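In the text below, chain A, chain B and the rest are named by the order of the sequence lines, each starting its count at 1. All values derive from a computational prediction rather than experimental measurement.
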Amino acid sequence: NAGVMQNPRHLVRRRGQEARLRCSPMKGHSHVYWYRQLPEEGLKFMVYLQKENIIDESGMPKERFSAEFPKEGPSILRIQQVVRGDSAAYFCASSPASGGGGRLTEAFFGQGTRLTVV
Amino acid sequence: DAKTTQPTSMDCAEGRAANLPCNHSTISGNEYVYWYRQIHSQGPQYIIHGLKNNETNEMASLIITEDRKSSTLILPHATLRDTAVYYCIVRVAGDYKLSFGAGTTVTVRA
């Protein structure tokens with residue numbers, strides 16, 4: 001029973017290039033969350049997606065960042081025209097469908113992708 | 001805008017219990033207390049959560065005060081592999097976001 005799989009684990013991009021980070025949720029999980037951890041800082045929520053829908057992108061920078069979770073395949077976090085300030089660890093988490101009545105469901109995190117912009 | 005306060009760091013001797021405090025004096029009645037940890041270079045790992053009763057699982061115990069304004073995570077027999085940053089998070093039932101603060105850096109020493 002594989003956990004949340006993220007790839008690549010390490011990604012180096014030059015300024016101005018595009019970065020694509022992939023996340024395959026745990027089997028049976030239909031909710032995906034992306035978090036970013038800047039150097040020496042805590043994790044910050046970026047976006048919450050369900051299959052083919054963006055539910056909450058309140059933590060996403062307004063420009064250059066986008067996310068998708070297609071019907072088939074992994075979730076993708078895309079960063080266009082990367083800058084040095086995008087260097088960070090990007091973590092994906094997944095959870096099963098949330099229960100009704102406020103039942104909590106746990107999110108399980110992947111090992112992250114460490115993006116370095118040179 | 002974290003709703004919790006934790007010590008910045010603490011040391012613990014291997015084999016001894018590690019008691020990690022967390023203050024959440026503004027916690028609401030429908031907010032749970034969650035604990036996660038992040039071992040260096042890895043993703044956060046869920047440990048335990050509770051509402052008002054004490055909880056125990058294979059990893060840890062969670063003691064929540066009667067007024068729910070603070071809690072303590074107990075690692076009963078700390079090992080070197082427990083060295084990590086531990087995050088105490090309050091979360092409303094049904095809220096999908098986790099708000100990570102700075103956490104407590106726990107170093108287990110041999």
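- Using modelled atom types, one finds no donor on one side chain facing an acceptor on the other under 3.5 Å when comparing B/Ser99 with A/Lys44.
- The cluster map of Ile, Leu, Val, Met, Phe, Trp and Tyr, joined by side-chain heavy atoms under 4.5 Å apart, puts A/Ile79 and A/Met60 in the same cluster.
- When the shell of 6.0 Å around CD of A/Gln81 is examined, it contains 12 or fewer heavy atoms from other residues, nucleotides or ligands.
- The heavy-atom pair separating A/Arg114 from B/Gln42 by the smallest distance is NH2-N, 3.8 Å.
- Comparing B/Gly103, B/Pro44, B/Gly43 by how many heavy-atom pairs each has under 4.5 Å with chain A, the most go to B/Pro44.
- Under a hydrophobic-cluster definition in which Ile, Leu, Val, Met, Phe, Trp and Tyr are linked whenever side-chain heavy atoms come within less than 4.5 Å, directly or via other members, A/Tyr90 and B/Tyr87 are assigned to different clusters.
- In this structure, B/Leu98 and A/Phe45 have side chains that are not in contact, with every pair of non-hydrogen atoms separated by 4.5 Å or more.
- Between B/Phe100 and A/Phe109, the two ring planes are perpendicular [angle over 60°; tilted spans 30° to 60°].
- Using a 4.5 Å cut-off between heavy atoms, B/Gln45 does not touch chain A at all.
- Hydrophobic clustering (side-chain heavy atoms under 4.5 Å, transitive across Ile, Leu, Val, Met, Phe, Trp, Tyr) keeps A/Ile54 apart from A/Tyr35.
- Enclosure of atom NZ in B/Lys52 is not indicated, since only 12 or fewer non-hydrogen atoms of other residues, nucleotides or ligands lie within 6.0 angstrom.
- Neither the backbone nor the side chain of A/Phe108 has a heavy atom closer than 4.5 Å to any heavy atom of chain B.
- Using a 4.5 Å cut-off between heavy atoms, A/Glu40 does not touch chain B at all.
- Under the 4.5 Å side-chain criterion, counting only non-hydrogen atoms from C-beta, A/Tyr33 is in contact with B/Tyr96.
- Transitive grouping of hydrophobic side chains (ILVMFWY, heavy atoms separated by less than 4.5 Å) brings A/Leu21 and A/Val117 into a common cluster.
- Heavy atoms of other residues, nucleotides or ligands lying less than 6.0 angstrom from CZ of B/Arg16 number 12 at most.
- Taking 4.5 Å as the limit, some side-chain heavy atom of A/Ser58 sits within range of a side-chain heavy atom of B/Lys97.
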